[in-house]
A.B. asks: 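Starting off with a structure, shown below.
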Amino acid sequence: MIPFCEKCDIPLWDIFTTCIIAAVINEQKEVALLRQNYVSKTNYVCVAGIMKIGESAEDAVVREVSEEIGQQVKDLQYIKSYPYDAKEMLMLGYKATVEKRDFIISGEVDSVEWVPFNQALTLLRKGSIAWQLVKEVIEG
């Protein structure tokens with residue numbers, strides 16, 4: 001039984017926000033991990049953001065990677081989706097490959113660093129969406 005608006009004559013579906021999350025990697029087998037204090041003061045995170053209306057998920061990844069850390073995506077691969085119930089979001093996970101260059105960070109990012117694959121998982125909260133995505137990218 002789905003709630004239904006009698007005035008509009010349409011079903012009232014549960015709505016979630018669609019977001020992207022990207023494991024940004026370079027040719028030296030490093031992943032870009034960010035510190036964003038408004039997200040976590042103790043753990044690193046991946047580039048992530050909300051898709052804009054009319055924007056594809058792939059375009060959102062390219063935009064967010066450029067805006068947040070100043071990197072240009074050369075190759076993009078969809079990994080999987082991650083429901084994030086706590087914030088009513090669906091996060092679409094990608095591997096974004098870039099050529100390593102200096103970071104240009106936005107005001108949303110407190111710091112970012114290139115972390116070797118063999119150290120990356122220790123800096124992410126175990127089991128988090130970022131941890132799952134990076135683990136999949138490293139092992140894939």
Side-chain angles (χ1 to χ4, degrees):
M1 300 290 290
I2 297 170
F4 199 83
C5 178
E6 294 176 16
K7 180 180 177 187
C8 301
D9 200 30
I10 59 171
L12 301 173
W13 304 106
D14 289 336
I15 302 289
F16 53 82
T17 303
T18 308
C19 304
I20 60 85
I21 182 166
V24 180
I25 65 165
N26 66 35
E27 69 280 3
Q28 296 177 16
K29 295 191 178 197
E30 297 172 316
V31 60
L33 296 182
L34 291 64
R35 294 304 288 264
Q36 292 178 296
N37 290 334
Y38 76 93
V39 175
S40 175
K41 293 187 187 240
T42 57
N43 296 300
Y44 285 81
V45 296
C46 290
V47 170
I50 295 172
M51 291 173 53
K52 294 181 178 182
I53 292 174
E55 183 177 49
S56 72
E58 293 78 13
D59 288 344
V61 172
V62 171
R63 176 182 53 78
E64 289 288 347
V65 170
S66 177
E67 287 177 1
E68 289 190 3
I69 62 173
Q71 302 293 302
Q72 302 307 308
V73 174
K74 301 292 181 195
D75 188 49
L76 194 57
Q77 179 187 350
Y78 175 74
I79 302 298
K80 69 179 276 187
S81 62
Y82 303 89
Y84 186 21
D85 294 336
K87 295 202 174 187
E88 296 180 346
M89 294 177 170
L90 176 65
M91 303 194 82
L92 304 176
Y94 285 85
K95 175 174 88 171
T97 305
V98 302
E99 287 182 21
K100 185 175 182 176
R101 57 177 14 169
D102 291 339
F103 293 111
I104 302 168
I105 61 173
S106 76
E108 294 179 53
V109 177
D110 294 298
S111 66
V112 61
E113 52 188 275
W114 288 115
V115 177
F117 283 2
N118 65 355
Q119 296 173 18
L121 293 177
T122 64
L123 299 177
L124 298 164
R125 185 175 56 80
K126 188 171 185 176
S128 69
I129 292 171
W131 184 88
Q132 292 174 58
L133 175 61
V134 170
K135 185 175 191 300
E136 178 82 19
V137 166
I138 290 170
E139 292 177 353

A.B. asks: Checking Gln71 side chain against Arg101 main chain: does a donor-acceptor pair fall under 3.5 Å?
C.D. replies: yes

A.B. asks: Would you say Val134 and Trp114 are hydrophobically clustered, going by side-chain heavy atoms of ILVMFWY under 4.5 Å?
C.D. replies: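 No: no chain of side-chain contacts under 4.5 Å links Val134 to Trp114.
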
A.B. asks: Heavy atoms, side chains only, cut-off 4.5 Å: are Lys95 and Thr97 in contact?
C.D. replies: yes

A.B. asks: Shared ILVMFWY cluster between Phe117 and Ile79, side chains joined below 4.5 angstrom?
C.D. replies: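 In one cluster with Phe117: Ile79, yes.
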
A.B. asks: Taking Met89 as the starting point, is it possible to reach Leu133 by hopping between hydrophobic residues whose side chains are less than 4.5 Å apart?
C.D. replies: yes

A.B. asks: Which heavy atom of Leu124 sits nearest a heavy atom of Ala130, and at what distance?
C.D. replies: CD1-O, 3.9 Å

A.B. asks: When you look at OH of Tyr78, are more than 12 heavy atoms from neighbouring residues, nucleotides or ligands closer to it than 6.0 Å?
C.D. replies: yes

A.B. asks: Within this structure, what is the CD-CD1 distance for the pair Gln72 and Ile69, rounded to the nearest 0.5 Å?
C.D. replies: 10.0 Å

A.B. asks: From Ile21 CD1 over to Met91 CE, what is the distance, rounded to the nearest 0.5 angstrom?
C.D. replies: 4.5 Å

A.B. asks: So does Leu90 have more than 12 non-hydrogen atoms from other groups sitting under 6.0 Å from CG?
C.D. replies: yes

A.B. asks: Please collect all side-chain hydrogen bond (donor to acceptor under 3.5 Å, both in side chains) contacts where either partner lies in residues 42-58, sequence neighbours excluded, each pair once.
C.D. replies: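 Pairs touching residues 42-58 that pass the test: Ser40-Thr42, Tyr44-Glu113, Glu55-Arg63, Ser56-Asp59, Glu58-Tyr94.
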
A.B. asks: Start with the C-alpha distance between Phe4 and Asp9, add both sets of side-chain angles, then the distance that settles side-chain contact (heavy atoms from CB on, under 4.5 Å), and finish with yes or no.
C.D. replies: CA-CA 7 Å; Phe4 199 83; Asp9 200 30; 3.2 Å; yes

A.B. asks: Could you walk me through whether Met51 and Leu92 pass the side-chain contact (heavy atoms from CB on, under 4.5 Å) check?
C.D. replies: CA-CA 10 Å; Met51 291 173 53; Leu92 304 176; 4.2 Å; yes

A.B. asks: So how far is it from Cys46 SG to Gln132 CD, rounded to the nearest 0.5 Å?
C.D. replies: 11.0 Å

A.B. asks: Nearest 0.5 Å, what's the CG-OG1 distance between Leu33 and Thr122?
C.D. replies: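 It is 9.0 Å, given to the nearest 0.5 Å.
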
A.B. asks: Measuring from Phe103:CZ to Glu68:CD, what's the distance to the nearest 0.5 Å?
C.D. replies: 12.0 Å

A.B. asks: Among Asn37, Ile105, Leu34, which residue satisfies the side-chain contact (heavy atoms from CB on, under 4.5 Å) criterion with Asp110?
C.D. replies: Asn37

A.B. asks: Distance from Glu99 atom CD to Gln28 atom CD, nearest 0.5 Å?
C.D. replies: 11.0 Å

A.B. asks: What's the shortest heavy-atom distance between Val65 and Ala22, and which atoms?
C.D. replies: CG2-CB, 4.4 Å

A.B. asks: Between Lys100 and Glu30, does at least one N-O distance fall below 4.0 Å, as a salt bridge requires?
C.D. replies: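 The answer is yes: the pair qualifies as a salt bridge.
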
A.B. asks: Determine whether Ile138 and Leu123 fall in the same hydrophobic cluster, where Ile, Leu, Val, Met, Phe, Trp and Tyr are linked whenever their side-chain heavy atoms lie under 4.5 Å apart.
C.D. replies: yes

A.B. asks: Please report the closest heavy-atom contact between Pro83 and Ile129, naming both atoms and the distance.
C.D. replies: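 What the structure gives for the nearest pair is O-CD1, 4.1 Å.
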
A.B. asks: Going by heavy atoms in the side chains, are Val137 and Val31 under 4.5 Å from each other?
C.D. replies: no

A.B. asks: Among the clusters formed by ILVMFWY side chains lying less than 4.5 Å apart, do Leu121 and Ile25 turn up in the same one?
C.D. replies: yes

A.B. asks: Does the side chain of Tyr84 reach to within under 4.5 Å of the side chain of Phe16, using non-hydrogen atoms?
C.D. replies: no

